[in-house]
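Here's the structure we're looking at; comments come further down.
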Amino acid sequence: MATEHDISTLAALFAGARRITCLSGAGMSTESGIPDYRSTTGLYNTLTSEEVFDLVRFQRRPELFYSVIGPLYLSILKARPNAGHVALAQLADRCGKDLVIATQNIDGLHQKAGSRVVHEVHGTMDTLSCQTCGGQALAASFLNELSKGLVLRHSCGGIFKPDITFFGEQLPAAAFSASLDAMADADLVLVLGTSLRVYPAASLPDSRRKGCPLVIINRTPTALDDEANMVFHDSIGELLPQVLTRMDHGVQPGSQRG
Ligand code: CNA
C-alpha cells in the first residue's frame, strides 16, 4: 500500500513534470469491469488462451473467435471509464500537463474519459474491416450479433475482423511511431496496468531519455520494476485520484527517488 509520504513524493514528481507520457495496459480497465489477460481473474485464466487472438486461426475459423469474444466485446463497448482513466485525463485538463497516452488497450476508455492524445498501439474494437472487400463498419452496429456470439459479416458476404492487432499482425505503424516519439520527448514516463509481456509495446519505455523518471503502478511486479524511480503494486483507480488530490492541495515540485 502506498504511504502518505509515497503519495506526496509522487504528487511532487507529477507537479514537476511538463510532458508526461503514459504506457497503459489492460490493468487500467479492470476497474471498469473489463478483465485483463494475465491476472488470476484475467481472460487467459478464465475464458480462453492467447490463440483466440491468433490471426491465422481467426482467418480459418472466425466462429471460434466470435463465439468466445462476442459477448465480452459487447460488454467492452458498453464499459465506462473508471477513476484511473478520469484522473489521468485530469492531469492534462486540470493540471495542465502535456499528456500523451500510448495504450495497448482496445476499449477506447481513455478517450471516453476525455484524454485527447491517445495512440492505440494495438488498434481499436470500435471499428471492423471486411477481410474480402476492405469495407469498414462500426462494431456498435452489430450489438445483437455480438451478444449471440455470431460471426460478423459485411454486406458483400466477407467476414469482418475487428481493427485490433492480432498475434501475427503488424502494429499500427503511425501509432507506434508517435508513441516512440512521445516517450523520447517525455520528462516523466508512467507505466500503468501492464505486465509488460507483449512486445514491441512493452519496449516503449526503453525509448525514454536517460535520466527521465519512470513510475510504475501495477498490481503485480514487472520486469521494469528495478529500473523505476517509484513502483506501486497498487490499484490505479485508487492511487491516481489520491495523487491528483494531493497536487490540488499544493506540493513542492521535485523528483525524489521513492
Ligand atoms: P496483462 O498481461 O493482462 O497485464 C495486466 C496487468 O495489470 C497485470 O500485471 C495486473 O497485475 C495489472 N492490473 C490489473 N488490474 C489492475 C489495477 N486495477 N491496477 C493496477 N494494476 C492492475 O495485460 P497487458 O495490457 O500487459 O497485455 C497487453 C495486451 C492485453 C494488449 O494486447 C491488450 O490489447 C490486451 N487487453 C486489453 C484489454 C482492454 O482493452 N481493456 C483487456 C484485456 C486485454
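Worth saying up front: this structure is predicted, and the values here are computed from it rather than measured. Numbering starts at 1 and runs along the sequence shown. For ligands, and for the atoms within them, numbers begin at 1 and follow the listed sequence.
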Judged by atom type as modelled, is there a donor-acceptor pair below 3.5 Å linking the side chain of [X] to the main-chain atoms of [Y]?
X: T21; Y: V189; answer: no
X: N218; Y: L192; answer: no
X: T127; Y: D163; answer: no
X: R246; Y: E4; answer: yes
X: N105; Y: D107; answer: no
X: R209; Y: A186; answer: yes

Sequence neighbours excluded, which residues qualify as side chain to side chain contact (heavy atoms under 4.5 Å, CB included) partners of C95?
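With neighbours one apart ignored, the set is L91, K97, L244, M247.
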Proximal atoms of ligand 1 relative to [X] (non-hydrogen, under 4.0 Å):
X: S29; value: 41 (N)
X: S235; value: 19 (N)
X: G25; value: 25 (O)
X: D107; value: 39 (C), 40 (O), 41 (N)
X: T220; value: 8 (C), 9 (O), 10 (C), 11 (O)
X: T30; value: 14 (C), 15 (N), 16 (C), 17 (C), 18 (N)
X: V198; value: 27 (O), 28 (C)

Can you tell me how far the OG atom of S32 sits from the NZ atom of K78, to the nearest 0.5 Å?
15.5 Å
Any N or O on I106 sitting closer than 3.5 Å to an N or O of ligand 1?
yes
Counting non-hydrogen protein atoms only, what is the nearest one to [atom]? Give residue, atom name and distance.
atom: atom 32 (O) of ligand 1; answer: H122 ND1, 2.8 Å
atom: atom 34 (O) of ligand 1; answer: Q104 O, 2.8 Å
atom: atom 38 (C) of ligand 1; answer: A26 CB, 3.8 Å
atom: atom 44 (C) of ligand 1; answer: Y37 CE2, 3.0 Å
atom: atom 4 (O) of ligand 1; answer: S195 N, 3.3 Å
atom: atom 19 (N) of ligand 1; answer: I236 N, 3.1 Å
atom: atom 10 (C) of ligand 1; answer: S39 OG, 3.5 Å
atom: atom 12 (C) of ligand 1; answer: N218 OD1, 3.2 Å

Could you please spell out the steps behind the salt bridge (Lys or Arg N to Asp or Glu O under 4.0 Å) verdict for R116 and D93?
CA-CA 10 Å; R116 283 182 295 276; D93 281 352; 2.8 Å; yes
Distance only, no hydrogens: is a donor on one side chain within 3.5 Å (strictly under) of an acceptor on the other, for D6 and T9?
no
When you compare the side chains of H154 and T132, does any donor N or O come within less than 3.5 Å of an acceptor on the partner?
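Side-chain D/A pair, H154 to T132: absent.
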Please work out whether any backbone atom (N, CA, C, O) or any side-chain heavy atom from C-beta onward of T194 is under 4.0 Å from ligand 1, and answer side chain, backbone, both or neither.
both
With a cutoff of 4.0 Å, is [X] in contact with ligand 1, counting heavy atoms of the residue only?
X: P35; answer: yes
X: R197; answer: no
X: G237; answer: no
X: D234; answer: yes

In terms of side-chain geometry, is the basic nitrogen of R94 or D248 positioned less than 4.0 Å from the acidic oxygen of its partner?
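The answer is yes: the pair qualifies as a salt bridge.
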In terms of ring plane angle, is the pair F65 and F166 parallel, tilted or perpendicular, where the classes change at 30° and 60°?
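F65 vs F166 ring planes: tilted.
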